[in-house]
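Numbers here are sequence positions counted from 1. Because only heavy atoms are used, hydrogens play no part in the values below, and waters and symmetry mates are left out as well, while side chains stay in.
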Amino acid sequence: MSFIITVYTSEGIVMASDSRSTYNFTKQLGNGNFETLCGAQITDTTYKTFQCNEHIGISTCGDASINQTPIAGYIEKFIHEKVNADSSVGQVSNDLLNYFSNVNPHLNTHFIIAGYDSNNTLPVVKQLFVADQSIKNFSTNFSGAVWDGEIATLSKLFTQLYAKNPDETYCAIQNHGINFNFFNLQDAINFAQYAVDVTIKTMAFENCVKTVGGPVDILVIKPTESFWVARKELHA
């Protein structure tokens, strides 16, 4: 799996993701049975957020390979062949769904597509599900965030929790919530970074396969430009 998040504000959009991919390996035992080794192969250098053009970005989570080939290459090929400077968020979303449906209609891969359409300063944010053949639209009249992948850790911040009293009754634990409407662009960057970090650091102590990890890539998109705040680079 992975963790991806998009935060949208009146100033711009922030898209962030981790860098870990975990691959399972199934082998046949001497008795004829099969054993699946979860997380047998791990890499912390996977790109999951992509800059399409100057005003649109894509993040992905879920199945990370197709025919034993990393999905990042397919996404980069899609961007090269299907996206141009004038593409709208809606066009990219529809084309992306068609593209991967032709590759594998049962692919359990999700995408968040975010950006700006021409001459529009209102963010456009969509979530795409290949296996379900569906696209979800988000209202961006107010600031907010959408995340996908290993969502359990961050979702606890927005879940009402209760404490059990000695008399078997329950009382609500105060939940202050997060007011995204007060976020400026730097706040959005800080929150996106925090959301990925807290997921990575929490999973490090949990009894589970560590499916989120590695460097955090952060893309900022404004109505007239986009740029990387953090992005891992190839090196020797």
Side-chain angles (χ1 to χ4, degrees), residues 2-19 45-61 70-97 99-100 109-128 135-149 180-197 214-235:
S2 305
F3 181 82
I4 60 176
I5 184 169
T6 294
V7 186
Y8 45 94
T9 74
S10 59
E11 296 181 28
I13 301 167
V14 177
M15 306 184 75
S17 56
D18 73 302
S19 297
T45 55
T46 301
Y47 291 106
K48 302 178 185 179
T49 296
F50 303 83
Q51 185 181 27
C52 290
N53 52 31
E54 285 301 312
H55 53 91
I56 299 175
I58 296 174
S59 290
T60 183
C61 66
I71 197 172
Y74 287 86
I75 298 173
E76 291 175 347
K77 182 179 179 182
F78 165 79
I79 293 172
H80 177 72
E81 294 179 352
K82 301 295 184 180
V83 181
N84 57 55
D86 298 322
S87 295
S88 68
V89 178
Q91 289 171 335
V92 171
S93 301
N94 291 330
D95 289 346
L96 188 66
L97 181 58
Y99 181 85
F100 279 100
T109 300
H110 302 176
F111 296 92
I112 297 176
I113 304 96
Y116 294 89
D117 292 337
S118 298
N119 301 317
N120 193 344
T121 58
L122 187 68
V124 180
V125 179
K126 298 177 181 288
Q127 193 172 18
L128 187 159
I135 297 175
K136 180 179 180 180
N137 299 310
F138 289 86
S139 173
T140 58
N141 292 316
F142 300 96
S143 299
V146 55
W147 52 89
D148 202 347
F180 290 103
N181 283 331
F182 289 133
F183 275 24
N184 57 40
L185 196 54
Q186 185 62 59
D187 293 330
I189 293 170
N190 294 345
F191 183 79
Q193 173 82 54
Y194 158 79
V196 183
D197 279 345
V216 180
D217 290 332
I218 304 175
L219 175 66
V220 171
I221 306 172
K222 302 180 72 174
T224 58
E225 63 176 336
S226 59
F227 53 90
W228 293 98
V229 171
R231 182 167 173 81
K232 55 188 170 288
E233 299 292 342
L234 298 176
H235 59 85

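The CZ atom of Arg231 lies 12.5 Å from the CD1 atom of Ile218; values are rounded to the nearest 0.5 Å. Note: Asp197 CG to Phe3 CZ = 10.5 Å, rounded to the nearest 0.5 Å. The NZ atom of Lys82 lies 12.5 Å from the CD atom of Gln91; values are rounded to the nearest 0.5 Å. Of the inter-residue distances, the one linking Ser10 atom OG with Phe183 atom CZ reads 12.0 Å to the nearest 0.5 angstrom.
Formation of a donor-acceptor pair under 3.5 Å by the Asp18 side chain with backbone atoms of Ser2 is not found in this model. With Tyr47 contributing its side chain and Glu76 its backbone, the two residues share no donor-acceptor pair below 3.5 Å. Distance alone, capped at 3.5 Å, is enough to place a donor-acceptor pair between the Asn181 side chain and the Ser143 backbone. Side-chain atoms of Ser59 do not come within 3.5 Å of backbone N or O of Ile112 as any donor-acceptor pair. Side chain of His80 to main chain of Ile75: no donor-acceptor pair is present (N/O by atom type, distance under 3.5 Å, no hydrogens or angles).
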- Message: As a quick check of understanding, evaluate salt bridge (charged side-chain N to carboxylate O under 4.0 Å, His left out) for Asp217 and Lys48, giving each step before the final call.
- Response: CA-CA 8 Å; Asp217 290 332; Lys48 302 178 185 179; over 6 Å; no
- Walk me through it: do Asp95 and Leu97 pass the test side-chain contact (heavy atoms from CB on, under 4.5 Å)? CA-CA 5 Å; Asp95 289 346; Leu97 181 58; over 6 Å; no
- Task: Test side-chain hydrogen bond (donor to acceptor under 3.5 Å, both in side chains) on Ser19 and Thr46 and set out the steps.
- Result: CA-CA 5 Å; Ser19 297; Thr46 301; over 6 Å; no
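Not counting sequence neighbours, the partners of Val124 by the side chain to side chain contact (heavy atoms under 4.5 Å, CB included) test are Val89, Asp117, Lys126.
A ring-centre distance under 6.0 Å is found for Phe111 and Phe100.
Side-chain atoms of Phe142 and Thr140, non-hydrogen and from C-beta on, never get closer than 4.5 Å to each other. Counting heavy atoms from C-beta on, the side chains of Ile58 and Phe78 come closer than 4.5 Å. The closest side-chain heavy-atom distance from Leu122 to Asn141 is below 4.5 Å. Residues Ser93 and Leu96 have side chains not in contact (no heavy-atom distance under 4.5 Å, counting atoms from C-beta outward). Met15 places none of its side-chain heavy atoms less than 4.5 Å from the side chain of Ile4. Side-chain contact between Asn184 and Thr9: absent, with no pair of heavy atoms (C-beta onward) separated by less than 4.5 Å. In this structure the side chain of Thr49 reaches within 4.5 angstrom of the side chain of Trp228, judged on heavy atoms. You'll find the side chain of His110 stays beyond 4.5 Å of the side chain of Thr60, heavy atoms only.
With respect to Ile221, the side chain to side chain contact (heavy atoms under 4.5 Å, CB included) criterion is satisfied by exactly one of Ile13, Ile56, Val14, Asn53: Ile13.
Ring pair Phe191/Tyr194 is tilted by interplanar angle, where 30° to 60° counts as tilted.
The minimum heavy-atom distance between Ala85 and His55, with the atom names listed, is O-NE2, 2.9 Å.
The side-chain tip of Lys222 does not point at the ring of Tyr116 from less than 6.0 angstrom away and within 45° of straight on.
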